[in-house]
There are 2 protein chains.
Amino acid sequence: MSGSGPIRLFSFEIIGRKWKYDMLCHLTQGKKRMSEKKRLMPNITRKMLAQQLRELENDGMINRSAYEQVPPKVEYELSEYGQSLERILNALCDWGAAHIERVYGEPLSVLEDSILNEQFK
Amino acid sequence: MSGSGPIRLFSFEIIGRKWKYDMLCHLTQGKKRMSEKKRLMPNITRKMLAQQLRELENDGMINRSAYEQVPPKVEYELSEYGQSLERILNALCDWGAAHIERVYGEPLSVLEDSILNEQFK
DNA sequence: CAGTATCCCCCCAGATACTG
DNA sequence: CAGTATCTGGGGGGATACTG
């Protein structure tokens, strides 16, 4: 593989922004409404959530489907193309779980969510 | 797997900063001197190179060995722990290569490095 | 060659308020 | 519920110059 730096900066744009990796991972579990995503990611703001979902949509990673009703209902899901990242995403997530245990020195199950959330307010 | 947002933000710190993913990938090919890394990543500044190498070292991802000589010679390599990321890193890099071809609509081999580098000045 | 030390700018992301 | 608009700051990262 040749001079590949820019390649990585390219894919960095897809998963490297603060919330995108996390957002994509949640979608590997299936369709999610915006409100669900907000609940899954307590520290993200509405603005960033909407903004980065748009970017992922423009990059072809996710599909957005809006139901015309009141109150509105919108669902997001991994596109077929987005699914090509699924295995990697999950592998990275598993590594992250192991890593956090290494850092804190105890199993994830023992760590309070609140402690972790505190880190990234 | 339970509430895992913070887990991802945690591992995001390891590979998510602008240059780290790229830096780690180069090290999967073997030991590299600082000057080699600079050559491999033309657009990074000396400051960022040194700084992020330090952070990766502190996170236990890489080993640094300095030879006491003039002129100085320093080599960096993936630590044993760092190698646990190797498969994922390579998979992500392959995905990135495919992605860039999709974006530009032609095989990577045809694309000039200069065009890609231009993107990320 | 392999780093530090400064200075500085841009823009990512947060806070808040408003709309259909 | 699912967004958008506006304002703001903090810090990540660039440029440049200097050192062992």
Side-chain angles (χ1 to χ4, degrees), chain A residues 5-6 8-10 12-24 26-27 31-59 62-77 117-121, chain B residues 5-6 8-10 12-24 26-27 31-59 62-77 117-121:
Chain A
R8 296 190 194 104
L9 285 173
F10 230 87
F12 173 84
E13 296 294 316
I14 305 295
I15 64 156
R17 297 287 157 208
K18 183 168 184 187
W19 301 102
K20 287 185 178 177
Y21 161 40
D22 206 7
M23 294 172 63
L24 286 171
H26 286 131
L27 290 181
K31 261 182 201 173
K32 292 278 180 299
R33 299 185 58 170
M34 187 145 185
S35 52
E36 294 178 275
K37 296 198 73 63
K38 180 72 180 99
R39 193 159 25 75
L40 289 166
M41 308 166 66
N43 290 331
I44 198 175
T45 61
R46 284 259 200 66
K47 179 195 156 195
M48 290 312 295
L49 188 51
Q51 179 179 309
Q52 309 231 19
L53 280 169
R54 280 273 176 275
E55 292 181 17
L56 287 172
E57 195 190 351
N58 290 337
D59 286 331
I62 64 177
N63 295 324
R64 173 181 182 278
S65 27
Y67 300 75
E68 294 302 335
Q69 60 178 57
V70 180
K73 175 179 176 181
V74 180
E75 289 182 329
Y76 295 92
E77 61 183 339
N117 277 320
E118 206 59 20
Q119 284 285 331
F120 300 102
K121 255 192 323 198
Chain B
R8 295 188 195 105
L9 285 173
F10 229 87
F12 174 83
E13 297 293 316
I14 304 294
I15 64 154
R17 296 287 158 205
K18 185 168 182 185
W19 301 103
K20 285 185 178 177
Y21 160 42
D22 206 7
M23 294 172 63
L24 286 171
H26 286 132
L27 291 180
K31 261 183 203 175
K32 291 278 181 300
R33 300 186 57 172
M34 187 146 187
S35 52
E36 294 178 276
K37 296 196 74 63
K38 180 72 180 97
R39 196 159 23 76
L40 290 167
M41 306 166 67
N43 290 330
I44 198 176
T45 60
R46 284 257 202 68
K47 178 194 156 194
M48 290 312 295
L49 189 50
Q51 177 179 309
Q52 310 232 18
L53 280 168
R54 279 274 177 273
E55 292 181 17
L56 287 172
E57 195 191 350
N58 291 337
D59 286 331
I62 63 176
N63 295 325
R64 173 181 182 276
S65 25
Y67 299 75
E68 294 300 335
Q69 61 179 53
V70 181
K73 174 179 175 180
V74 181
E75 288 182 330
Y76 295 92
E77 60 183 341
N117 278 319
E118 205 59 20
Q119 285 284 332
F120 300 101
K121 256 192 321 200

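Just so we're on the same page: letters track the sequence lines, and every chain starts at 1. As a basis for the values below, the full set of heavy atoms in this structure was taken, side chains included, without hydrogen atoms, waters or symmetry mates.
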On DNA chain C, nearest-nucleotide positions of A:I44 versus B:P71: which is more 5'?
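This one resolves to B:P71.
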Nearest to side-chain heavy atoms of B:R46, which nucleotide of C:dG3, D:dG14, C:dC12:
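So the side chain of B:R46 is nearest to C:dG3.
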How is B:Y76 classified with respect to the nucleic acid when contacts are heavy atoms under 4.0 Å: base, sugar-phosphate, or nothing?
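Sugar-phosphate, no base atom in range.
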Side-chain contact, heavy-atom cut-off 4.5 Å: A:R39 with A:K32?
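Heavy-atom side-chain distance check fails, nothing below 4.5 Å.
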Counting only side-chain N and O atoms of [X], is one of them less than 4.0 Å from OP1 or OP2 of [N]?
X	N	answer
B:R33	C:dA2	yes
A:R64	D:dG3	yes
A:R54	D:dT4	yes
B:T45	D:dG13	no
A:Q52	C:dA13	yes

Apply the test side chain to side chain contact (heavy atoms under 4.5 Å, CB included) to residues A:L9 and B:Y21: give CA-CA distance (whole Å), side-chain angles for both, the deciding distance (0.1 Å), then the verdict.
CA-CA 9 Å; A:L9 285 173; B:Y21 160 42; over 6 Å; no
Without decimals, in angstroms, what is the distance between [X] [atom1] and [N] [atom2]?
X	N	atom1	atom2	result
A:Q51	D:dT6	CD	P	14 Å
A:K73	C:dG20	NZ	C1'	19 Å
B:R17	D:dG13	CZ	C1'	11 Å
A:N43	C:dA15	CG	C1'	14 Å
B:L49	D:dT16	CG	P	18 Å
B:K32	C:dC1	NZ	C1'	17 Å
A:Q69	D:dG3	CD	P	13 Å

Under 3.5 Å: donor-acceptor pair, side chain of B:K37, backbone of B:M23:
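Indeed, once roles are kept as given, a pair shorter than 3.5 Å links the two residues.
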Can you run through DNA chain C from 5' to 3' and write each base as (, ), [, ], | or . depending on how it pairs? Watson-Crick or G-U wobble, both distances under 3.5 Å.
||||||||||||||||||||
Look at the side chain of B:K18 and the base of D:dG12, then say whether one donor and one acceptor between them are separated by less than 3.5 Å.
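Between D:dG12 and B:K18, which were checked side chain against base, a qualifying N/O pair under 3.5 Å is absent.
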base_contact_polar (D:dG14 base, B:K47 side chain, donor-acceptor, <3.5 Å)
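Side chain to base: pair present.
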Nearest 0.5 Å, what's the CZ-OH distance between B:R33 and B:Y67?
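One gets 9.0 Å once the value is rounded to the nearest 0.5 Å.
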Between CD1 of B:I62 and CG of B:L27, what distance do you get to the nearest 0.5 Å?
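Going from CD1 on B:I62 over to CG on B:L27, the span is 6.0 Å.
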Test B:L53 against B:R64 for side chain to side chain contact (heavy atoms under 4.5 Å, CB included), laying out the working first.
CA-CA 9 Å; B:L53 280 168; B:R64 173 181 182 276; over 6 Å; no
Looking at A:E55 and A:K20, is there a salt bridge between them, counting it only when a charged N and a carboxylate O are closer than 4.0 Å?
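A:E55 and A:K20: salt-bridged.
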Which residue lies toward the 5' end of DNA chain D, A:L53 or B:P72, if each is placed at its nearest nucleotide?
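It is A:L53 whose nearest nucleotide is closer to the 5' end.
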For a side chain to side chain contact (heavy atoms under 4.5 Å, CB included) check, start with the C-alpha distance between A:N43 and A:W19, then their side-chain angles and the critical distance, and finish with the verdict.
CA-CA 10 Å; A:N43 290 331; A:W19 301 102; 4.1 Å; yes
